[in-house]
Number of protein chains: 2
Amino acid sequence: MRKYDVYAENCPTRLLLDHIADKWTALVLWKISREPVRFNQLRRDVEGISTKVLSQTLKRLGRDGLILREVFPTVPVTVEYSITPLGRTLSEKLSTITEWAEANIDAVLAAQDRFDRDCACADNAVTANGAKRGLIQPAGMR
Amino acid sequence: MRKYDVYAENCPTRLLLDHIADKWTALVLWKISREPVRFNQLRRDVEGISTKVLSQTLKRLGRDGLILREVFPTVPVTVEYSITPLGRTLSEKLSTITEWAEANIDAVLAAQDRFDRDCACADNAVTANGAKRGLIQPAGMR
DNA sequence: CGGCATCCTTATAGATACTG
DNA sequence: CAGTATCTATAAGGATGCCG
């Protein structure tokens, strides 16, 4: 029996996947999972994230029960973010993705070069069974 | 020695992570990894994706060397997408994420309910060490 | 069938300023 | 320190129509 299916359009797991498959989630969650960390520290560690986006991300992660936010009544106030047991199970899986990215970036970069070069003379590339390969136009992709 | 670091703003792995941590990547890549599949079949399988976005996603995956696009000269033309060895190593890791989502959605949904309820009377929530918890405003998040 | 081009409507991100 | 508020720029997404 499968109750949920990420391939179904209106399945709640889709919304969850949107949260997980966010540009910053893996980065932020992993940092927090290593040790409790404060807002501005996080902002420095995750280079390029704005306070606004970090704030949104933390709010979402907190609501999803993946991280805990604790406010210590110091002056000025101290806020610490830490991972929950649920969050830890996810962050470990997510870290394998960032590790994969670091380990395979060279192969991907090489593939991109090959792809961009092949575009110019793509029409000559025909496989043994008569199928053409790699005929996708470059087009503008960041 | 670590050549690459996803936490560095201008590291190429960041761009790769953006591709991977895309709303549709895990869904599309996993379908293709199971068996070679055609464009419109993919569009039906991945509910809710538009032709435009599917097209972009496939192009990106092809350029990154994760999938292969083959054109068979039938009438009308047949196009088949299949996984590459490199892509397979990633799709296996990504599938653990979607599996996690399906397995833990109940816990997350419960956390969301708790969070949204606690917001109303959050000021009373003080932990033993004097720290307050869960004081994040709900705000509008889809 | 397998897309790309186009238009148009929302989001989302970024920068900046300001508050408890 | 830890954010919120606001404004703007840019892009992402959806709908539609067309073509090889």
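Convention: sequence-line order gives letters A, B, ...; per-chain numbering from 1. Side-chain atoms are counted along with the backbone in the values below, which use heavy atoms only and exclude waters and symmetry mates.
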What nucleotide among [options] has an atom nearest to a side-chain atom of [X]?
| X | options | value |
| --- | --- | --- |
| B/Val77 | D/dG20, D/dG13, C/dA13 | D/dG20 |
| A/Pro76 | D/dG13, C/dC1, D/dC1 | D/dC1 |
| A/Arg69 | D/dA2, D/dG20, C/dC4 | D/dA2 |
| A/Val79 | C/dG2, D/dA2, D/dG14 | D/dA2 |

Rounded to the Å, how far apart are [X] [atom1] and [N] [atom2]?
| X | N | atom1 | atom2 | answer |
| --- | --- | --- | --- | --- |
| A/Arg60 | C/dA11 | CZ | C1' | 13 Å |
| B/Ile67 | C/dG2 | CD1 | C1' | 14 Å |
| A/Leu54 | C/dG14 | CG | C1' | 14 Å |
| A/Leu58 | D/dT4 | CG | P | 10 Å |
| A/Lys59 | D/dA2 | NZ | C1' | 12 Å |
| A/Gln56 | D/dA5 | CD | C1' | 12 Å |

Worksheet item: Between B/Lys23 and A/Asp22, is the closest basic N to carboxylate O distance under 4.0 Å?
Response: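 Not counted as a salt bridge, because no side-chain N and carboxylate O are separated by less than 4.0 Å.
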Practice prompt. Under 4.0 Å from any atom of DNA chain C, heavy atoms only: list the residues of residues 30-51 of chain B that qualify, in numerical order.
Written response: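 Contacts with DNA chain C under 4.0 Å: B/Arg38, B/Phe39, B/Asn40, B/Thr51.
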Practice prompt. Would you indicate, yes or no, if C/dT12 has its OP1 or OP2 atom less than 4.0 angstrom from a side-chain nitrogen or oxygen of A/Lys52?
Written response: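 Checking C/dT12 against A/Lys52, no side-chain N or O comes under 4.0 Å of OP1 or OP2.
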Item to complete: Considering just the side-chain nitrogens and oxygens of A/Tyr81, establish if one lies under 4.0 Å of OP1 or OP2 belonging to D/dG3.
Response: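 Affirmative; the distance criterion is met.
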Return the [atom1] to [atom2] distance between [X] and [Y], rounded to the nearest 0.5 Å.
| X | Y | atom1 | atom2 | answer |
| --- | --- | --- | --- | --- |
| A/Thr96 | B/Leu94 | OG1 | CG | 8.0 Å |
| A/Ser91 | A/Leu29 | OG | CG | 5.0 Å |
| B/Ile32 | B/Arg88 | CD1 | CZ | 11.0 Å |
| A/Thr25 | A/Asp64 | OG1 | CG | 9.0 Å |

Worksheet item: What salt bridge (charged side-chain N to carboxylate O under 4.0 Å, His left out) pairs are there with at least one residue in residues 26-42 of chain B, not counting sequence neighbours?
Response: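 For residues 26-42 of chain B: none.
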Table please: side-chain donor-acceptor pairs of residues 45-55 of chain B below 3.5 Å, with sequence neighbours left out.
{"from": "B/Asp45", "atom 1": "OD1", "to": "B/Gln41", "atom 2": "NE2", "distance (Å)": "3.1"}
{"from": "B/Glu47", "atom 1": "OE1", "to": "A/Glu9", "atom 2": "N", "distance (Å)": "2.8"}
{"from": "B/Ser50", "atom 1": "OG", "to": "B/Val53", "atom 2": "N", "distance (Å)": "3.2"}

Worksheet item: If an axis is fit to five pairs at each end of the helix from C/dC1-D/dG20 to C/dG20-D/dC1, what is the angle between the two, to the nearest 10°?
Response: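 Inter-axis angle at the termini of the helix from C/dC1-D/dG20 to C/dG20-D/dC1: 60°.
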Item to complete: Please list, chain by chain and in numerical order, all residues satisfying side chain to side chain donor-acceptor pair (under 3.5 Å) with A/Glu80, sequence neighbours excluded.
Response: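 With sequence neighbours excluded, A/Glu80 shows a side chain to side chain donor-acceptor pair (under 3.5 Å) to no residue whatsoever.
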Scan the side chains in residues 98-111 of chain B for donor-acceptor partners under 3.5 Å anywhere in the protein, sequence neighbours excluded, and list what turns up.
{"from": "B/Thr98", "atom 1": "OG1", "to": "B/Ser95", "atom 2": "O", "distance (Å)": "3.0"}
{"from": "B/Trp100", "atom 1": "NE1", "to": "A/Thr89", "atom 2": "OG1", "distance (Å)": "2.9"}
{"from": "B/Trp100", "atom 1": "NE1", "to": "B/Asn104", "atom 2": "OD1", "distance (Å)": "3.2"}
{"from": "B/Glu102", "atom 1": "OE1", "to": "A/Arg2", "atom 2": "NH2", "distance (Å)": "3.4"}
{"from": "B/Glu102", "atom 1": "OE2", "to": "A/Arg2", "atom 2": "NH2", "distance (Å)": "3.4"}
{"from": "B/Glu102", "atom 1": "OE2", "to": "A/Val6", "atom 2": "N", "distance (Å)": "3.0"}
{"from": "B/Asp106", "atom 1": "OD1", "to": "A/Tyr4", "atom 2": "OH", "distance (Å)": "2.8"}

